[in-house]
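Below: the structure, in structure tokens.
For the single chain, residues carry numbers from 1 onward in sequence order.
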Amino acid sequence: MPGQKIETGHQDVVHDVAMDYYGKRLATASSDNTIKIIGVSNSGSQHLATLTGHQGPAWQASWAHPKFGSLLASCSYDGKVILWKEVNQNEWTQAHVFDDHKASVNSIAWAPHELGLCLACGSSDGNISVFTARSDGGWDKSRIEQAHPVGVTSVSWAPSTAPGALVGSGLLGAVRKLASGGCDNTVKVWKLDNGIWRMDCFPALHMHTDWVRDVAWAPNLGLPKSTIASASQDGKVIIWIAAKEGDQWEGKVLHDFGAPVWKVSWSLTGNILAVADGQNNVTLWKEAVDGEWQKVTAVE
């Protein structure tokens with residue numbers, strides 16, 4: 001499929017682009033304080049809606065799984081997370097506003113749908129909050145206080161199936177784990193244990209020499225190992241691997257990009273990593289049989 005140029009209509013920098021489950025719509029978040037919904041198809045793109053409600057730059061947008069309806073979350077410099085619901089086609093309303101954070105909310109991530117409707121939020125106030133929908137329409141809240149005291153930049157959920165479990169077996173119980181990155185240059189792993197979030201890696205994962213800008217937990221497809229990619233202001237992407245549950249995480253530099261790295265994103269099968277860097281390059285990387293990572297393509 002040839003590349004397609006999409007005019008977003010934003011008046012300022014676009015910080016995030018998120019594609020919905022079916023690949024039919026994009027949500028974009030911008031410094032113009034708005035979220036835009038854009039329909040995409042082979043024949044082109046069309047503007048469907050502009051969501052206004054944030055009082056500061058919108059950093060990220062994230063679609064919930066369609067089994068929960070047409071829901072989109074967004075986070076902003078204004079400290080708010082807004083949950084948007086599509087009530088009629090292309091007509092959106094604010095279903096809920098989470099305003100628990102005292103500073104910019106930099107990252108949001110929906111949990112795997114098997115865990116229910118559950119949203120993690122990382123903030124410059126150092127805390128991570130996790131909101132879980134109840135059947136009565138309310139929300140339960142749990143927090144990781146001072147996860148990264150100087151600021152949380154990114155959050156990413158682990159796959160819900162335990163490493164090594166067959167998908168859908170469910171025998172081992174669903175896994176509730178998060179990875180986070182912060183302005184303390186570290187990556188941390190958290191596990192929900194009897195309703196309390198505890199650090200699940202000792203010590204914190206520390207190989208970066210500047211802010212961690214993004215973390216992404218890879219799908220595991222029944223393999224015993226767990227994999228996290230982290231991207232940093234220091235120009236490096238690091239691949240962290242725990243060979244099996246309970247093992248120490250080992251870090252390995254994928255590549256030094258020579259410029260800040262903003263974003264890392266795994267393919268659905270977890271074997272290809274997309275990297276966006278500060279020199280406007282997007283590259284795709286794949287692990288070879290010998291465990292070395294190779295660049296397979298650059299996106300023009």
When you look at R198 and D193, which way does the salt bridge (charged side-chain N to carboxylate O under 4.0 Å, His left out) test go after all the steps?
CA-CA 7 Å; R198 304 181 197 280; D193 197 14; 3.6 Å; yes

Let me confirm one number: the CG-CG distance from L117 to L71, rounded to the nearest 0.5 Å.
6.0 Å

Reported CG-to-NE2 distance for the pair D125 and H101, which is rounded to 0.5 angstrom
5.5 Å

Parallel, tilted or perpendicular, judged at 30° and 60°: which one describes the rings of H96 and F98?
tilted

Say whether S124 and N106, considering side chains only, have a donor N or O and an acceptor N or O under 3.5 Å apart.
yes

Are W293 and H255 near enough that their ring centres are under 6.0 Å apart?
no

Side chains of H54 and T34: do they bring a donor and an acceptor to under 3.5 Å?
no

May I ask you to check whether S74 and W84 show a side-chain donor-acceptor distance below 3.5 Å?
yes

Residue pair K286 / L273, side-chain heavy-atom distance below 4.5 Å:
no

Residue pair W59 / S104, side-chain donor-acceptor N/O under 3.5 Å
yes

How far apart are the C-alpha atoms of L178 and I128, what are their side-chain angles, what is the distance that settles it, and do they pass the side-chain contact (heavy atoms from CB on, under 4.5 Å) test?
CA-CA 10 Å; L178 278 171; I128 295 171; 4.3 Å; yes

Nearest atoms (heavy-atom pairs only) where P219 meets G270:
CD-CA, 3.7 Å

Any link between V296 and V264 through a network of hydrophobic side chains (Ile, Leu, Val, Met, Phe, Trp, Tyr) touching at under 4.5 Å?
no

Any side-chain heavy-atom pair from E7 and S45 closer than 4.5 angstrom?
no

Shortest non-hydrogen separation from S107 to C75 and the atoms involved
N-SG, 3.8 Å

Between R134 and D140, does any NZ, NE, NH1 or NH2 come within less than 4.0 Å of an OD or OE carboxylate oxygen?
yes

Just checking Y21: does its OH atom have more than 12 heavy atoms from other residues, nucleotides or ligands closer to it than 6.0 angstrom?
no

Using the rule given for side-chain contact (heavy atoms from CB on, under 4.5 Å), can you reason through T227 versus K225, listing the C-alpha separation, both sets of side-chain angles and the distance that settles it, and then say yes or no?
CA-CA 7 Å; T227 307; K225 70 175 183 180; 4.0 Å; yes

Within 6.0 angstrom of K67 NZ, more than 12 heavy atoms from elsewhere:
yes

Could you tell me which non-hydrogen atom of G251 sits nearest to which non-hydrogen atom of I238, and how far apart they are?
CA-CG2, 4.0 Å

Shortest non-hydrogen pair, A276 vs V282, comes out as CB-CG2, 4.3 Å

How about CG on D290, more than 12 heavy atoms from neighbouring residues, nucleotides or ligands closer than 6.0 Å, or not?
yes

Over all atoms of both residues, closest heavy-atom pair of I38 and L48:
C-CD1, 4.1 Å

Please evaluate residues V155 and I108 with respect to the criterion side-chain contact (heavy atoms from CB on, under 4.5 Å), reporting the C-alpha separation (whole Å), side-chain torsions for both, the decisive distance (0.1 Å), and the verdict.
CA-CA 7 Å; V155 287; I108 47 175; 5.7 Å; no

Closer than 3.5 angstrom, by distance alone: can the side chain of W266 be matched with the main-chain N or O of A216 as a donor-acceptor pair?
yes

pair V105-C121: side-chain heavy atoms closer than 4.5 Å:
yes

Which value, rounded to the nearest 0.5 Å, describes the distance between S265 atom OG and I272 atom CD1?
11.5 Å

Step through the shown structure and confirm whether more than 12 heavy atoms of other residues, nucleotides or ligands are within 6.0 Å of NZ on K252.
yes

If we count only N and O atoms by modelled type, under 3.5 Å, do the side chains of N281 and T283 hold a donor and an acceptor together?
no

Run the side-chain contact (heavy atoms from CB on, under 4.5 Å) test on K177 and D200 for me, step by step, so that the C-alpha distance in whole Å, both residues' side-chain angles and the decisive distance to 0.1 Å come before the verdict.
CA-CA 8 Å; K177 284 188 180 184; D200 198 46; 2.9 Å; yes

Pair E287-N271, side chain to side chain donor-acceptor pair (under 3.5 Å): steps then yes or no
CA-CA 7 Å; E287 190 178 11; N271 61 341; over 6 Å; no

Checking side chain to side chain donor-acceptor pair (under 3.5 Å) for the pair S180/H148: CA distance, chi angles, key distance, verdict?
CA-CA 8 Å; S180 63; H148 299 266; 2.7 Å; yes

I'd like to check K85 versus L72 (side-chain heavy atoms, cut-off strictly below 4.5 Å). Are they in contact?
no

Any side-chain donor near an acceptor of the partner, S230 and W240, under 3.5 Å:
yes

Distance-only side-chain donor-acceptor flag, N127 / Q146, under 3.5 Å:
yes

State whether K236 and D234 are salt-bridged, where the test is any N-O pair (Lys NZ or Arg NE/NH1/NH2 against Asp/Glu carboxylate O) under 4.0 Å.
no

Would you check if the side chain of D277 reaches a backbone N or O of A259 as a donor-acceptor pair within less than 3.5 Å?
no

For T28 and H10, test the side chains for any donor-to-acceptor distance below 3.5 angstrom and give the result as yes or no.
yes

Taken to the nearest 0.5 Å, the spacing of S232 OG from R213 CZ works out to 8.5 Å

Apply ring-ring contact (aromatic ring centres under 6.0 Å, His included) to the pair H65 and W110, showing each step before the final yes or no.
CA-CA 8 Å; H65 190 277; W110 289 105; over 10 Å; no

Give the C-alpha distance, both sets of side-chain angles, the deciding distance and a yes or no for side chain to side chain donor-acceptor pair (under 3.5 Å) between H15 and S31.
CA-CA 7 Å; H15 297 288; S31 274; 2.7 Å; yes

Inter-residue atom distance W92.CH2 - L83.CG, 0.5 Å rounding:
9.5 Å

Let me confirm one number: the NE2-SG distance from H206 to C201, rounded to the nearest 0.5 Å.
12.0 Å

Audit row: W249, W217, ring-ring contact (aromatic ring centres under 6.0 Å, His included) steps and yes/no
CA-CA 13 Å; W249 291 85; W217 202 310; 5.6 Å; yes

When every non-hydrogen atom of G122 is compared with those of V152, the smallest separation belongs to CA-CG1, 3.7 Å

same_hphob_cluster(W157, M199) at 4.5 Å side-chain heavy-atom cutoff:
yes

Do W139 and T132 pair up side chain to side chain, a donor and an acceptor below 3.5 Å, judged on atom types alone?
no

Could you tell me whether the side chains of H208 and T186 share a donor-acceptor contact shorter than 3.5 Å?
no

R25 and S70: side-chain donor and acceptor closer than 3.5 Å?
yes

Is the shortest side-chain heavy-atom distance between P66 and F68 below 4.5 Å?
no

Is there side-chain contact between N220 and P159, with heavy atoms separated by less than 4.5 Å?
yes

With side chain to side chain donor-acceptor pair (under 3.5 Å) as the criterion, how do K36 and T8 come out once you've worked through the C-alpha distance, each side chain's angles and the decisive distance to 0.1 Å?
CA-CA 7 Å; K36 288 187 185 285; T8 65; over 6 Å; no

